[in-house]
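Below, chain A is the first sequence line, B the second, and so on; all start at residue 1.
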Protein chains: 2
Amino acid sequence: MTDLSAAWSRLEAAAKGAEGRSIAGLFEAEPDRVPSMSFEAAGLHIDLSKQPWSAADRALAVELARAAGVEGARDRLFAGEEVNASEHRAVLHPALRAPAGSRFAALGAPVSGAVEETRAAIRAFAEAVRSGTRRGATGERFTAVLHIGIGGSDLGPRLVWEALRPLVPDLDLRFAANVDPAELALALQGLDPASTLVVVVSKTFTTLETLSNAEAARAWLRAGLGDAGDSHLVAVSAAPDVAQAFGVPAAQVFAFWDWVGGRYSLWSAVGLSCAVALGPDAFEALLAGAAAMDAHFVSAPLETNAPVQLALGHVFNRNGLGRPIRAVVPYAQRLRLFPPFLQQLEMESNGKRVDAHGRPVARPTAASVFGDAGTNGQHAFFQLLHQGTDVIPVDIVAVRRAGEGDPRAQTKLLANAVAQAEALMVGRPEAEVRAELEAKGLAPAEIEELAPQRAFPGDRPSSFILIDALTPEALGALIALYEHKTFVEGVLWGINSFDQWGVELGKTLAGRILEDLGGGEARLHDPSTAALIERLKR
Amino acid sequence: MTDLSAAWSRLEAAAKGAEGRSIAGLFEAEPDRVPSMSFEAAGLHIDLSKQPWSAADRALAVELARAAGVEGARDRLFAGEEVNASEHRAVLHPALRAPAGSRFAALGAPVSGAVEETRAAIRAFAEAVRSGTRRGATGERFTAVLHIGIGGSDLGPRLVWEALRPLVPDLDLRFAANVDPAELALALQGLDPASTLVVVVSKTFTTLETLSNAEAARAWLRAGLGDAGDSHLVAVSAAPDVAQAFGVPAAQVFAFWDWVGGRYSLWSAVGLSCAVALGPDAFEALLAGAAAMDAHFVSAPLETNAPVQLALGHVFNRNGLGRPIRAVVPYAQRLRLFPPFLQQLEMESNGKRVDAHGRPVARPTAASVFGDAGTNGQHAFFQLLHQGTDVIPVDIVAVRRAGEGDPRAQTKLLANAVAQAEALMVGRPEAEVRAELEAKGLAPAEIEELAPQRAFPGDRPSSFILIDALTPEALGALIALYEHKTFVEGVLWGINSFDQWGVELGKTLAGRILEDLGGGEARLHDPSTAALIERLKR
């Protein structure tokens with residue numbers, strides 16, 4: 001047995017002991033549980049003491065991280081080694097947000113110079129658009145940006161914009177991702193080609209959805225502005241020649257490198273639209289917040305390393321206790337896109353069934369993630385979290401200081417965040433409900449039926465992440481926290497978190513079916529698929 | 001052993017046989033599989049042939065439905081009996097959308113008369129607002145409606161609006177649900193109190209979030225219009241006196257009955273905002289589509305009853321094959337809120353651990369539901385669906401005819417919907433990948449590592465629901481299909497799908513913590529909760 005499989009076995013055996021054990025009871029046995037399981041990282045406060053692990057379990061989890069070589073893997077990532085082996089690439093999103101003067105290298109080739117140049121170009125471009133130095137073809141100022149991308153090129157910028165957008169923006173920012181033309185049609189509503197900049201983000205500049213929307217947007221620009229419409233096109237791509245062939249002016253193609261994965265890309269020029277719409281200072285502050293989390297991740301010991309601890313808490317639930325689902329509930333309407341962002345980050349990075357050497361994994365990998373903003377989720381899926389037959393750990397994210405609106409409402413929001421974490425853990429015993437119903441004078445037969453329905457089992461774990469205020473720095477730190485958590489989990493499971501081969505087959509088959517739908521004899525398909533194609537051709 | 005537990009045992013035993021069996025292989029053994037597992041209901045086409053059950057398994061599932069008394073339970077629901085026993089209520093959303101002249105009764109008391117009166121009042125009010133007969137306090141026409149509600153009073157109208165809204169609406173419709181004041185602040189942006197109608201939806205008119213937002217909206221109206229601002233308030237409530245005390249003019253309080261559950265309420269006056277913003281004809285057509293599904297549900301034999309079959313397919317995965325998660329992917333951007341709507345419908349209705357008599361359930365109940373619009377989801381969580389370690393059944397919803405925008409893009413969208421269902425089922429064998437990589441000249445060692453990473457296991461089930469066009473009728477039928485599916489599942493599991501006791505505890509604890517945050521000595525809490533309260537008070 002290797003050290004690693006022995007460490008897994010010890011953790012799994014410990015988790016067996018946690019089944020049916022009261023989490024609240026652990027606080028009595030472990031008087032320093034709250035401070036020892038709370039972490040400060042890049043301005044975030046993270047409390048993992050409502051997780052089902054004991055102090056001893058957690059120590060075994062840290063041993064697992066050590067045995068899995070988390071520290072070495074982290075150092076190889078930051079050193080620009082070939083961490084994404086199946087695509088022979090380095091993985092260097094930390095280089096994108098590093099302080100000026102850093103010296104990152106991808107597979108040995110220096111990248112920090114090019115990163116700094118691009119950052120300067122982003123700033124210059126954003127400032128020129130915002131100040132009106134750079135204007136549209138007819139001399140009008142730009143008042144809107146249409147951002148076209150999909151997946152990581154869409155979810156990241158969309159999250160950042162919703163979280164940080166001013167109520168009345170200087171520049172409006174719209175998004176279109178779906179190949180369904182309805183999304184672009186709605187995004188263009190009320191915009192004028194003369195004052196709209198169109199940013200097209202695609203690493204290869206061949207993504208079906210993005211090109212489909214980019215062509216439609218280019219047609220819309222040309223319809224309003226003639227050939228000059230192309231001067232409103234901006235591209236973010238690793239294939240500048242293809243972007244230029246599409247019609248994007250050479251000076252408006254921003255670089256993007258193969259060592260930046262889509263779901264880790266918002267820190268690159270993929271964030272250009274945000275830099276324009278929020279201002280370059282906000283964008284730089286976002287990067288600085290992520291860089292602060294990077295600094296914590298590379299330097300903090302495993303025992304107090306926030307991304308590592310968050311990953312270990314998750315793995316304890318996922319692998320130790322067999323829990324395949326996790327909910328994420330930000331108590332901040334402005335973070336409502338954080339759950340879908342994490343859905344992509346975690347499920348695309350770690351939804352893998354073979355390890356980095358092509359061997360079947362020994363145990364389940366990424367859990368399914370879902371969630372919505374609190375308190376809204378309380379009126380939707382929380383019934384199942386409290387009283388369903390599955391135990392679903394919850395990540396609760398709360399923001400201490402109010403943004404806009406009545407601060408009393410913000411206090412109600414925070415009270416709910418804390419109360420849900422408490423309620424999930426402590427539950428409500430049937431005896432207490434029974435006594436209450438007796439006091440109300442209900443008949444014994446009814447109490448017999450009703451009390452169990454109104455009792456709560458409790459012992460449903462949660463992590464609590466507290467942000468002081470929803471600033472660009474805090475958002476950057478929060479996103480980077482989960483990026484590194486996801487990476488650490490990938491290391492524990494032995495998988496490559498940076499490829500996505502599972503996306504390929506659907507693309508290939510869609511191409512074939514598109515031809516079949518276009519006419520002619522359909523290719524060989526299973527009878528169900530064949531019947532659907534026939535029905536759609538009618 | 002009762003008939004019911006015997007039927008469960010037979011189905012569970014059959015499901016054991018389905019583990020590891022090829023779904024594609026079933027088409028060879030069952031030549032009429034596609035027609036026999038496809039259903040037409042209220043204009044929808046539903047193909048369940050890519051589910052993992054054989055024809056024999058499905059027959060056992062129908063026997064289970066019979067043994068569980070699905071037909072009798074359905075008839076009791078439509079007869080207005082006390083289906084929601086824990087609250088001593090009938091459950092009669094079908095009455096809300098029934099054709100004129102129907103005679104529904106709740107616990108024996110006729111309701112169809114009051115329903116028709118309310119429907120007429122909704123139509124009259126909507127027409128008056130739309131025609132300009134009814135205007136604001138200053139004589140201006142209403143150009144916007146702000147809808148305030150949460151949970152079912154929010155998700156349903158929001159889904160309907162996004163699905164059916166015109167690109168350039170006559171009347172804009174905005175929503176605010178969250179107690180986080182940021183949502184209301186954004187919803188009010190650009191609106192003028194003089195031309196905005198505020199619709200407040202709360203059964204009891206005491207819901208924390210809704211009242212918090214209603215108070216803020218009332219203050220906004222009064223700030224702009226003085227006392228006359230209250231004349232812009234409309235309420236939908238089962239507590240008309242409380243609504244009037246809040247300031248809503250008596251003539252603007254719409255009725256809502258205790259036999260309408262929040263998550264089944266969009267058909268009632270809860271849909272008023274949609275009737276105003278989309279026009280009463282569209283709203284009535286939505287109801288008619290749902291009524292057509294009701295007619296199918298009450299009359300079709302179990303063997304061809306679409307909601308029953310959808311429920312049985314789900315239960316075969318959930319209980320037979322132990323799959324606790326289901327994804328829902330509408331290939332239509334306009335249906336992007338359908339997954340969160342279903343999340344509430346299914347997880348709040350059936351996320352229960354004791355049966356209607358207070359006994360622990362014998363087997364897992366509601367699965368967790370998540371999803372996003374296709375093709376967007378393909379660039380987010382589909383990696384895990386194809387290559388993750390869990391098998392997650394997928395409901396795919398597609399719309400045949402294009403709405404706005406380029407119809408060629410619509411064809412690409414449909415090709416993707418069909419291709420994903422195919423890819424999930426057929427997968428891609430490692431040998432095929434290996435041959436391709438050999439042909440590309442990769443080194444044997446690399447092929448050894450890479451081929452398994454690029455192979456797809458397949459046998460991941462999906463249901464395919466095809467809508468001809470996204471009309472109000474089709475949307476009504478689609479929602480009603482899932483309402484009845486959810487009800488049937490509740491019957492199979494023996495639970496009450498119409499209460500939500502799991503929401504109570506969090507509310508109680510939030511009230512206490514709100515007081516604690518307000519100052520004074522904090523009550524007794526676990527150390528983690530106490531520490532968070534202290535931190536928030538600082």
Side-chain angles (χ1 to χ4, degrees), chain A residues 27 34 49 150-151 178-183 185 212 325 333 343-344 347-348 351 353-354 358 364-365 368 370 375-376 379-381 383-384 386-389 404-406 409 412-413 415-416 418-420 422-423 428 449 452 454 456 500-502 505-506 509-510 513-514 527-529 531-532, chain B residues 27 34 49 150-151 177-183 185 212 325 333 343-344 347-348 351 353-354 358 364-365 368 370 375 379-381 383-384 386-389 404-406 409 412-413 415-416 418-420 422-423 428 449 452 454 456 500-502 505-506 509-510 513-514 527-529 531-532:
Chain A
F27 288 94
V34 176
S49 68
I150 195 164
N178 204 326
V179 71
D180 181 345
E183 189 172 24
S212 188
I325 315 166
Q333 185 64 19
Q343 214 167 48
Q344 194 216 18
M347 295 172 75
E348 189 162 285
R353 51 189 280 287
V354 293
T365 56
S368 291
F370 75 90
T375 58
N376 295 4
H379 296 262
F381 53 82
Q383 164 67 40
L384 187 147
H386 284 292
Q387 293 190 320
T389 48
E404 54 275 304
D406 186 346
K412 293 180 201 164
L413 180 67
N416 273 278
V418 176
Q420 288 298 329
E422 184 180 31
R428 191 177 187 212
E449 287 203 347
R454 298 184 64 166
F456 291 70
Q500 54 281 320
W501 299 111
L505 179 60
L509 296 186
I513 291 175
L514 190 56
S528 169
T529 303
L532 287 169
Chain B
F27 288 94
V34 176
S49 68
I150 195 164
N178 204 327
V179 71
D180 181 345
E183 188 173 24
S212 189
I325 315 166
Q333 184 65 19
Q343 213 167 47
Q344 194 216 18
M347 296 173 75
E348 189 162 285
R353 52 190 279 286
V354 294
T365 56
S368 292
F370 74 90
T375 57
H379 296 262
F381 53 82
Q383 164 68 40
L384 186 147
H386 284 292
Q387 293 190 321
T389 48
E404 55 273 306
D406 186 344
K412 292 179 201 166
L413 181 67
N416 274 278
V418 176
Q420 287 298 329
E422 183 180 31
R428 192 176 188 213
E449 287 203 348
R454 298 186 63 167
F456 292 70
Q500 53 281 320
W501 299 110
L505 180 60
L509 297 186
I513 291 174
L514 190 56
S528 169
T529 303
L532 287 169

Any side-chain heavy atom of [X] within less than 4.5 Å of one from [Y]?
X: B:Gln387; Y: A:Trp501; answer: yes
X: B:Phe381; Y: A:Gln344; answer: no
X: B:Asp180; Y: A:Thr375; answer: no
X: A:Asn178; Y: B:Leu413; answer: yes

Looking at chain B, which one of A:Pro364, A:Gly405, A:Gly151, A:Pro527 has the largest number of heavy-atom pairs inside 4.5 Å, strictly under?
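Heavy-atom pairs under 4.5 Å are most numerous for A:Pro527.
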
At a heavy-atom distance under 4.5 Å, which candidate from A:Gly506, A:Pro181, A:Ala409, A:Ala182 has the highest pair count against chain B?
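Heavy-atom pairs under 4.5 Å are most numerous for A:Pro181.
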
Nearest heavy atoms of [X] and [Y], plus distance in Å:
X: A:Gln383; Y: B:Glu348; answer: CG-O, 3.3 Å
X: A:Phe456; Y: B:Gly502; answer: CE2-O, 3.3 Å
X: B:Glu183; Y: A:Asn376; answer: OE1-ND2, 4.0 Å
X: B:Ala415; Y: A:Ile513; answer: CA-CG2, 4.0 Å
X: A:Glu422; Y: B:Leu509; answer: OE1-CD1, 3.8 Å

Taking side chain to side chain contact (heavy atoms under 4.5 Å, CB included) as the definition, give me every residue that meets it alongside A:Ala185, ordered by chain and number, with sequence neighbours left out.
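Partners of A:Ala185 by the side chain to side chain contact (heavy atoms under 4.5 Å, CB included) criterion, ordered by chain and then number, come out as B:Leu167, B:Glu404.
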
Interface moiety of A:Ser212 toward chain B, non-hydrogen atoms closer than 4.5 Å
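Contact with chain B is through both the backbone and side chain of A:Ser212.
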
Heavy-atom cut-off 4.5 Å, strictly under: side chain, backbone, both or neither for B:Thr365 against chain A?
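Contact with chain A: backbone and side chain both.
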
What part of B:Leu532 lies closer than 4.5 angstrom to a heavy atom of chain A: side chain, backbone, both or neither?
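For B:Leu532, the side chain is the part near chain A, not the backbone.
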
Pairing residues for A:Arg353 by the salt bridge (Lys or Arg N to Asp or Glu O under 4.0 Å) criterion, not counting sequence neighbours
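Residues passing salt bridge (Lys or Arg N to Asp or Glu O under 4.0 Å) with A:Arg353: none at all.
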
